[in-house]
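Below, chain A is the first sequence line, B the second, and so on; all start at residue 1.
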Amino acid sequence: MYRLRLFATRHARVFEWMYVRLERALVALDPVFARIGYNRIERPVALVERGLKGLMFDCRMCGQCVLSSTGMSCPMNCPKELRNGPCGGVRPGGFCEVKPEMRCVWVLAWDGAARMREAQRISEVLPPVDRRLKGSSAWLRVAREKAEGLRATREADRLAMAEAFPGARESEPASAPLAQEPARAVEGAER
Amino acid sequence: MIDLIDDDLLPSYTQPPPGMSSGSRLERALRAGKFAVTAELNPPDSADPGDVFEAARPLAEVADAVNATDASGANCHMSSLGICSLLTRAGYGTIYQISCRDRNRIAIQGDVLGAAAMGVRNVLCLTGDGVGVGDQPGAKPVFDFDSVTLLRTIRTMRDDGVFLSGRRITRPPRLFLGAAENPCVPPFDWRPERLAKKVEAGAQFIQTNYIFDLPLFETFMARVRDLGLDREVFILAGVGPLASARAARWMRSNVPGIHIPDPVIARLEGAKNQAAEGAEICIEIMQAVRAIPGVAGVHVMAYRREHLVSEIVLRSGVRQARRVGRR
């Protein structure tokens with residue numbers, strides 16, 4: 001809803017605060033999601049995401065949510081679907097070139113970003129949208145990506161070990177393992 | 001005569017000189033510290049190459065490169081790729097404009113290789129106007145890329161020798177990359193940062209929209225200098241002669257992204273000869289932007305007044321005439 005969308009950018013700081021916590025929870029839940037199967041929870045989670053974000057941000061479910069980098073103004077509401085800032089056609093007073101009755105999505109984004117803790121994120125160059133992901137849950141995607149990133153950090157020491165002992169890695173690969181360990185295999189070590 | 005002929009008159013793959021991305025005449029002029037002039041060509045609604053040469057002739061005398069627009073204002077004309085191919089082979093410096101409105105990433109990356117193979121050395125990456133303002137408002141707007149992702153994509157093709165998919169390009173395109181900026185529309189305080197983003201994405205030169213509001217442009221440039229961007233990118237200020245007060249009003253309300261302050265229109269209205277006054281204003285603005293630190297040239301957009309371009313540029317004193325080569 002347009003009104004709520006304006007509200008969201010005016011209160012971008014609060015939404016940023018809430019989202020940071022939501023994201024942390026999602027990342028923490030990654031092992032649970034993985035055990036149930038991301039495939040199984042994709043539809044119900046996407047449904048909730050669509051409802052909430054649709055109401056608040058007029059979310060179009062691009063599946064690659066970047067609201068935290070766009071001042072809580074959804075760039076997919078831009079008629080040109082610009083992901084990196086306003087075009088050169090913004091009308092006087094900050095209205096859209098294509099829909100003159102609507103505030104420019106990026107004027108709102110700039111406004112919203114200025115209120116946010118991580119305001120500088122709006123300067124990041126974002127890639128083009130992967131159209132295959134339309135309709136899928138960005139929340140679950142973030143959970144997977146961040147969890148994967150954490151795993152990769154944990155794996156870094158194993159990689160360093162393998163690189164420091166290349167001969168052993170070659171002749172006795174189990175002495176410097178690199179492959180993903182199944183959960184049961186390392187359970188003992190965790191205890 | 002030789003001066004007008006680019007090194008790559010006939011299409012063949014050449015490496016740019018050391019320290020240059022493309023070695024185009026425009027890049028050489030800018031890197032040599034010359035005040036550059038580019039001019040926008042009015043694309044023909046015709047399949048006759050003669051019409052292209054005729055449109056380019058009045059611009060070539062003073063321009064380091066001629067911009068071939070890509071269906072600007074969402075109106076259908078001869079393609080920028082076709083125009084650039086013709087003009088490049090005839091020895092003109094060209095700027096191949098690419099808008100994201102009409103083609104997706106597959107088409108655009110292919111066209112970039114095609115243009116580079118035809119000898120095109122400068123590209124201007126644009127978002128493009130919405131389809132609604134053009135002659136075919138029922139068309140499907142594509143906007144698969146935006147100008148920033150387009151810049152980064154072409155830079156990746158050039159510098160890393162791969163398509164966006166990671167597939168290798170055996171002979172990467174040698175291109176000088178440009179982008180647009182509009183300092184005179186909201187959000188004003190973000191425009192310089194947005195310019196920084198375009199530089200970050202790969203822009204090496206910038207052509208701005210029309211500058212009629214000098215104080216606004218000066219504020220913009222001051223911030224650009226604060227960010228150190230004037231040392232990273234060549235900025236060409238957009239200028240052009242207004243035909244009359246009526247035309248100015250029409251442009252202001254019908255062409256996206258055009259900001260003309262009321263005093264400019266009032267000055268036109270008060271003049272005996274409005275067209276002459278329009279040219280006079282243009283000359284004054286060119287001289288004024290020439291004096292602003294960080295401005296590397298002007299981009300002349302004289303839609304339907306192309307015959308005036310040489311005279312305006314020469315009278316402004318920003319640049320000497322060059323001898324026109326064949327055609």
Quick one: what part of [X] sits under 4.5 Å from any heavy atom of chain B, side chain, backbone, both or neither?
X	answer
A:Leu126	backbone
A:Val125	both
A:Pro86	both

(message) Can you see whether A:Phe95 has A:Arg103 sitting over its ring - NZ or CZ less than 6.0 Å from the centre and within 45° of the normal?
(response)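 Judged by the rule, A:Arg103 and A:Phe95 form a cation-pi pair.
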(message) Does the Lys NZ or Arg CZ of A:Arg13 fall within the cation-pi geometry relative to A:Trp17 - under 6.0 Å from the ring centre and within 45° of the axis?
(response) no
Largest heavy-atom contact set with chain A, pairs under 4.5 Å, which of [options]:
options	answer
B:Thr127, B:Leu126, B:Asp146, B:Asn182	B:Asp146
B:Pro186, B:Ala180, B:Gly257, B:Ala201	B:Pro186
B:Thr153, B:Thr208, B:Asp189	B:Asp189
B:Asn209, B:Leu151, B:Val185, B:Val131	B:Val185
B:His259, B:Arg152, B:Arg194, B:Arg191	B:Arg194

(request) Have a look at A:Cys62 and tell me which of A:Arg131, A:Glu81, A:Arg83 forms a side chain to side chain contact (heavy atoms under 4.5 Å, CB included) with it. (result) A:Arg83
(request) Run through B:Thr156, B:Leu113, B:Asp160 and flag the one making a side chain to side chain contact (heavy atoms under 4.5 Å, CB included) with B:Ile169. (result)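 Of B:Thr156, B:Leu113, B:Asp160, side chain to side chain contact (heavy atoms under 4.5 Å, CB included) with B:Ile169 is met by B:Leu113 alone.
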(message) Just checking A:His11 against A:Phe15, ring centres under 6.0 Å apart?
(response) no
(request) Heavy atoms only, distances under 4.5 angstrom: which of A:Val98, A:Val129, A:Leu82 has the most pairs with chain B? Name it, please. (result)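 With the most close heavy-atom pairs to chain B, the winner is A:Leu82.
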(message) If you define the side chain from C-beta out and look only at heavy atoms, does anything of B:Ile206 sit under 4.5 Å from B:Leu195?
(response)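 Yes; the side chains approach each other to less than 4.5 Å.
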(request) For A:Ser137 and A:Glu49, test the side chains for any donor-to-acceptor distance below 3.5 angstrom and give the result as yes or no. (result)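 Judged by distance alone, the side chains do pair up.
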